[in-house]
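Heads up: the structure comes next, in structure tokens.
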Amino acid sequence: MFDDKVVLVETASAKMSVTQPGEIESYFKTFELLRQSAVYGQAARDLILTAIEHFVRRGRGNRG
């Protein structure tokens, strides 16, 4: 999101410019929810390490 006039959306096969006010509002609300739940710095590292540990333990359990 650059401003309240246009949202650029990139997918694996296309780039879209969204300019309809209602659609921009939807992207803004979604972005705000994601921003509020984001973590940075040490909290982000801790979250990533916890996920790695979870999947390492899970992988070991599946190998018998």
Residues 10-23, side-chain donor-acceptor partners within the protein, below 3.5 Å, at least two apart:
{"unit_1": "Thr11", "atom_1": "OG1", "unit_2": "Ser13", "atom_2": "N", "d": "3.3"}
{"unit_1": "Thr11", "atom_1": "OG1", "unit_2": "Ala14", "atom_2": "N", "d": "3.0"}
{"unit_1": "Thr11", "atom_1": "OG1", "unit_2": "Ala14", "atom_2": "O", "d": "3.2"}

Next on the checklist: Side-chain heavy atoms under 4.5 Å apart, restricted to Ile/Leu/Val/Met/Phe/Trp/Tyr: what other residues fall into the cluster of Tyr40, or is it alone?
Outcome noted: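 Tyr40 shares its hydrophobic cluster with no other residue.
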
Item to check | Worked verdict on His54 versus Thr50 for side chain to side chain contact (heavy atoms under 4.5 Å, CB included) | outcome: CA-CA 6 Å; His54 168 79; Thr50 298; 5.6 Å; no

Checklist entry - In the single-linkage hydrophobic clustering (I, L, V, M, F, W, Y; side-chain heavy atoms under 4.5 Å), do Val39 and Ile48 co-cluster? => result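 Unlinked, Val39 and Ile48 end up in two clusters.
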
Item to check | Separation between OH of Tyr27 and CG of Leu8, rounded to the nearest 0.5 Å | outcome: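 Atom-to-atom, Tyr27:OH and Leu8:CG are 10.5 Å apart.
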
Next on the checklist: Whether Lys29 and Glu32 form a salt bridge (side-chain N of Lys/Arg under 4.0 Å from carboxylate O of Asp/Glu) is what I want to check.
Outcome noted: no

Checklist entry - Judged by atom type as modelled, is there a donor-acceptor pair below 3.5 Å linking the side chain of Asp46 to the main-chain atoms of Leu49? => result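 Absent.
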
Checklist entry - By side chain to side chain donor-acceptor pair (under 3.5 Å), which residues pair with Glu25, not counting sequence neighbours? => result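 Partners of Glu25 by the side chain to side chain donor-acceptor pair (under 3.5 Å) criterion come out as none, since no residue qualifies.
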
